[in-house]
Amino acid sequence: MIRVLLADDDPLVRMGLRLMFGSVDDITIVAEAADGEQAVALAREHAPDVVLLDIRMPVLDGLAATPVLLALPKSPAIVILTTFNPDEYVVRALRAGAAGFLLKDTPPTEIAAAVRRVAAGEPVLSPAVTQQLIARVAAPAEPATDSRAAARARLERLAAREYDVALAVGEGRTNAEIAARLYMSVPTVKAHVSSILAKLNVTNRVQVALIVHDAKGLGRPGGE
């Protein structure tokens, strides 16, 4: 059973999500919060697997709550809920460690599927959305030279095959797609992704994709 905490200042949104998840066998709502401060307190109390977190809330908004939630001893996977198209607020949340985002008008079956994905350690962003975020939101202009150099320095921590996997993650590819492209097994890809996350000191694939994007144009490590 996947344990979910809802955090949204709109009671109608929370009610709609609660009713929707009520018809799903493997997901249960353990708590509801009306602001980010409540979300943090309830997450400490209930230790949810996933937090569905609104961006714009009183007291403590979703952006500010994200790193606090991720610093908890049993940190949940965080999915940002938004009523508007991807913008700089979403990217800030992704950089802070959120596993992805959903629009509030996403069909119920897709919301449930997204919760299952983040609970399993996968991002909720489809490859197309990941690429859209990187291209249109994360860096509307070319990254500054120092930002590119910093990102490149982080990627140089990776072994050659890890670097190849990181580039594929940066393209929004799934583990199965990466395995087929790089002629390796899916478990091997998963092992590389876990190693990449640890070496880059990030929590999810979206953050890896953003680092890859920031480093673009600098070539491969070792001057290849």
Side-chain angles (χ1 to χ4, degrees), residues 1-2 4 21 24-27 49-53 66 70 75-82 85-86 90-139 151 154-155 157-216 220-221:
M1 185 69 71
I2 302 170
V4 174
F21 284 121
V24 178
D25 293 335
D26 59 339
I27 298 173
D49 301 304
V50 177
V51 175
L52 295 180
L53 189 66
T66 294
L70 291 174
S75 60
I78 296 175
V79 178
I80 296 296
L81 290 168
T82 178
N85 289 331
V90 177
V91 173
R92 284 172 56 194
L94 296 178
R95 288 190 184 277
F101 80 93
L102 294 173
L103 296 177
K104 290 181 180 177
D105 60 0
T106 299
T109 55
E110 293 183 21
I111 294 177
V115 168
R116 294 186 188 101
R117 286 187 64 184
V118 297
E122 294 283 340
V124 300
L125 304 179
S126 68
V129 174
T130 300
Q131 293 169 23
Q132 179 186 22
L133 276 172
I134 292 172
R136 295 177 53 192
V137 184
R154 297 179 75 177
L155 291 179
R157 303 171 189 170
L158 305 179
R161 288 303 263 174
E162 292 171 344
Y163 182 83
D164 292 336
V165 171
L167 291 184
V169 169
E171 296 173 356
R173 297 185 182 277
T174 66
N175 287 341
E177 290 171 338
I178 296 171
R181 182 181 187 182
L182 299 180
Y183 304 102
M184 60 179 65
S185 68
V186 171
T188 298
V189 174
K190 290 181 178 179
H192 282 318
V193 170
S194 295
S195 179
I196 290 166
L197 295 177
K199 288 184 178 181
L200 298 183
N201 192 29
V202 296
T203 59
N204 62 59
R205 298 162 71 102
V206 176
Q207 291 173 297
V208 175
L210 292 172
I211 292 170
V212 169
H213 171 75
D214 286 347
K216 69 180 181 180
R220 295 174 60 90

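Atoms CD1 and CG, from Ile78 and Leu53 in turn, are 6.0 Å apart once rounded to the nearest 0.5 Å. In this structure, the separation between CD on Gln207 and CG on Asn201 is 9.0 Å, given to the nearest 0.5 Å. How far CZ of Phe21 is from CD1 of Ile2: 9.0 Å, rounded to the nearest 0.5 Å. Taking CE of Met184 as the reference point, atom CG of Asn175 lies at 11.0 Å (rounded to 0.5 Å). Rounding to the nearest 0.5 angstrom, the gap separating the OG1 atom in Thr188 from the CD1 atom in Ile178 is 12.0 Å. Atom CD of Glu110 and atom CZ of Arg117 lie 11.0 Å apart (nearest 0.5 Å).
Contact record, Val50 with Ala119: CG2-CB, 4.0 Å, taken as the closest heavy-atom pair. When every heavy atom of Ile27 is checked against every heavy atom of Met1, the shortest pair comes out as N-SD, 3.4 Å. Here the closest heavy-atom approach between residue Ala99 and residue Val118 is recorded as CB-CG1, 3.7 Å. Of all the heavy atoms in Val24 and Ala112, the pair that sits closest is CG2-CB, 4.3 Å. Here the shortest heavy-atom pairing between Pro76 and Val51 reads CG-CG2, 3.6 Å. Considering all non-hydrogen atoms of both residues, Ala209 and Val169 come closest at CB-O, 3.9 Å.
A donor-acceptor contact shorter than 3.5 Å links the side chain of Ser194 to the backbone of Lys190. Judged purely by atom type and a 3.5 angstrom limit, Arg173 has no side-chain atom pairing as donor or acceptor with the backbone of Val165.
Between His192 and Leu182 there is no side-chain heavy-atom pair separated by less than 4.5 Å. A heavy-atom distance below 4.5 Å is not found between the side chains of Asp49 and Val115. At least one side-chain heavy atom of Leu52 sits less than 4.5 Å from a side-chain heavy atom of Val4.
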